[in-house]
There are 2 protein chains.
Amino acid sequence: MTEPRTLLAADLDSQTLRVVRAIADTGSITAAAARLGYSQPAVSQTVRRLEQRLGMPVLTRVPRGALLTEAGDILARHAATVLRSIDSAAEELAKLAGLRTGWVRIAAFPSASSTIVPRLIERMSADYPGLRFRYIEAEPPEAVQTVRDHTADIALTFSYPGDPDDPHGASAAGLTATPLWREDMILILRRDAGAGLSPDASPLALDSLAGAGWIAGCPRCRGHLLHLCAAHGFTPSIDYETDNVSAVLAMVEAGLGVALLPSLALASVPLPANVVARHPATPDSRTVHLVSAEASHRVPAIAATIAAIDALDTSAWGLATARS
Amino acid sequence: MTEPRTLLAADLDSQTLRVVRAIADTGSITAAAARLGYSQPAVSQTVRRLEQRLGMPVLTRVPRGALLTEAGDILARHAATVLRSIDSAAEELAKLAGLRTGWVRIAAFPSASSTIVPRLIERMSADYPGLRFRYIEAEPPEAVQTVRDHTADIALTFSYPGDPDDPHGASAAGLTATPLWREDMILILRRDAGAGLSPDASPLALDSLAGAGWIAGCPRCRGHLLHLCAAHGFTPSIDYETDNVSAVLAMVEAGLGVALLPSLALASVPLPANVVARHPATPDSRTVHLVSAEASHRVPAIAATIAAIDALDTSAWGLATARS
DNA sequence: TCGGCGGCATAACACCGGGTTATGCTGGGC
DNA sequence: GCCCAGCATAACCCGGTGTTATGCCGCCGA
């Protein structure tokens, strides 16, 4: 004769409620067991355990089945609410799993904003109409930081060869950084500036521009330019600094200098008539990376987005698959 | 790498939801564990199991705690509903257990309707204002049947000594029948009828009424009368039959005959002026029983009612505690 | 920059809740 | 009076869900 301690909500788990509800619906333990896919004793014992936890009977056994007691009625009534809520939770989760809902937050560098990102989101939205997206434009270090602090799920970054703080530095945390594409660096100069140097569309020796004025962009891009020129034996005179690609082109067009731009930056703005793009004689490139939290790969919407990034056709932007 | 099968609602038990909710509230696994009274690994593992059932992460681990993912958000949101519902079920059950709510259905024989039953319900209502009662008047066999088929929780019955179908016959089922009180049988006759026989208030030999006309009530009462008279060597002439006590008294008053009534029957109607009640010289009694379903004794409201019946002061009705 | 600390994960283990099959009992209907 | 439907019990088994002990990692403060 165990002392019936005070009732705890912990005594009521959803499994038990499911059983009570099945009995209420079917009117017998045996039928409830059949409906739930259990053996009859399983249900019988579940009820018995419940009853001894509650300290009072939940159902009265009658010759052809079982009737709920008042306590059983209470349980069955609330079971409806509980199970309905659990079912709808399961349904929402199934929608997440089935990519019929979900958010994906993306961070990327400026020149991706007008190329890769819109194409990606367009594609994903077409394939999975339920998914929603957020986008934050950020330079690589900040973009990685957004992933690290869970402000974004996915970051697109770039790194120059030999870059000390390239995105791989992030992999120490739970982050992964995988190279996506190799992006050619292209020299931008006024048509007449390079006129005497070599035929129009052919590669151009970098050091032939040693004496030119230079227009540079973000700090890391400027750093790369300095590094690259040093390897070619000169120090560029960087006279103008701007991140703005249109501004760079206008400056070049105005004859203020030359620039070294990644091909993505050129993909979304038309080249002014008397401005030309020439590959350096010794090819130069940077690499676009995808940075994401390891754990997030199990989030269906994020995994699908990553897959879509991999599947993007980037040939129009001058991107080549990265060999890592 | 287990294949993430489709999500089942069965994967979501209330215990897990409780954990998710605690994490959502506290912001860390450790704090949630403390709040739930678990060890930290218990919660950690609960989450891990949940995640592998869902096939997607539920929370993202951050340096100083954990953040919910979208899936975790869904769970936490529904957990609120589920747990609220479970809590309110527990609360209602606690009210049942605490006798602050509940129904008790009573069946009893007619002469209890105007004596024991109102007193009992009055008493119970005073002690437990939340309890509600239903009452059905029924002769013993029917009253036992109401308990058997769960139309009533408690039946008050009576049985005459040697009664073949007394309530004990019911004990074969899950029913119990316990004797409560011994109820004296009393002879009712007109003052002048017994005048020459013995002093007014003294016991009266039954066979002194052998020649009188008799007024009898319910079938079992009539049966008892026949049995009793046979033991005294005569067969009564039963001229009138009615269950109605007032009618019996009026008939006696009118000189139509004499009657043998249980003391409870006399408790609620005044004896007409020229009608007297006399004990038989050889005392005769019947026994009042309580019949109830074994299992119902664990129902608090019913147990309390039975206790209240035991505690009733029945001296005013001429009932003596039964010796079983 | 290094040690302390807060927080999570993992390992190893124990328990019992909750399932199974086999079987018995009871009450009702043909 | 026998058969059948339905519930209970026994005996057993497994895995979910706790426990403690321990390790790793990232942050913070001296």
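Throughout, protein chains are lettered first and strands after them, A, B, ... in sequence-line order, and every chain is numbered starting at 1.
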Exercise for the section: Indicate whether OP1 or OP2 belonging to D:dT9 is found under 4.0 Å from a side-chain N or O atom of A:R48. Expected result: yes

Handout entry: Carboxylate-amine/guanidinium contact B:E51 B:R61, below 4.0 Å
Key = yes

Problem - A:Q145 CD - D:dG26 P separation (whole Å) - result: 13 Å

Exercise for the section: Starting from P on C:dA11, measure out to CD on B:Q45 and report it in whole angstrom. Expected result: 10 Å

Fill in the blank from the handout: Separation of C:dG18 atom P from A:Q52 atom CD, nearest Å, is 11 Å

Practice task
Give one of base, sugar-phosphate or nothing for A:Q15, where a contact means two heavy atoms less than 4.0 Å apart.
Solution key: sugar-phosphate

Problem - Interatomic distance where CZ belongs to A:R61 and C1' belongs to D:dA5 [whole Å] - result: 16 Å

Practice task
Ignoring the backbone of A:A66, work out which of D:dT17, C:dT20, D:dC7 is nearest its side chain.
Solution key: D:dC7

Practice task
Would you mind telling me which of D:dT19, C:dG17, D:dA8 lies closest to the side-chain atoms of A:Q40?
Solution key: D:dA8

Practice task
Assess the side chains of A:Q40 and A:T30: does a donor N or O sit below 3.5 Å from an acceptor N or O?
Solution key: no

Exercise for the section: Remember a base hit wins even if backbone is also touched, and classify B:R64 as base, sugar-phosphate or nothing at under 4.0 Å, heavy atoms. Expected result: base

Handout entry: Presence of salt bridge, A:E92 and B:R77, under 4.0 angstrom
Key = yes

Handout entry: Short side-chain N/O contact to D:dG16 OP1/OP2 from B:R49, under 4.0 Å
Key = no

Handout entry: Spacing of B:L50 atom CG relative to D:dG18 atom P, expressed in whole Å
Key = 13 Å

Handout entry: Under-4.0 Å side-chain N/O to phosphate OP1/OP2 contact, B:T30 with C:dC8
Key = yes

Practice task
Grab the CD1-P distance between A:I23 and D:dC7 for me, whole Å please.
Solution key: 8 Å

Handout entry: Between P of D:dT17 and CG of B:L36, the distance in whole Å
Key = 14 Å

Exercise for the section: Please check the phosphate of D:dG18 (OP1 and OP2 only) for any side-chain N or O of B:S39 closer than 4.0 Å. Expected result: no

Problem - Side-chain donor/acceptor of B:S85 to backbone N/O of B:T81, under 3.5 Å - result: no

Practice task
Between A:Y38 and B:L59, name the one whose nearest nucleotide on DNA chain C is closer to the 5' end.
Solution key: B:L59

Handout entry: Phosphate OP1/OP2 of D:dA8 contacted by A:S44 side-chain N/O (<4.0 Å)
Key = yes

Problem - Short N-O contact, A:R148 and A:E294, less than 4.0 angstrom - result: no

Exercise for the section: Identify whether any heavy atom of B:A31 sits under 4.0 Å from a base atom; if not, whether one sits that close to sugar-phosphate; answer base, sugar-phosphate or nothing. Expected result: nothing

Completion exercise
Checking C:dC8, D:dA21, C:dT20 against the side chain of B:P41 (C-beta onward), the nearest is D:dA21

Handout entry: Between C1' of C:dC25 and CD1 of A:I29, the distance in whole Å
Key = 15 Å

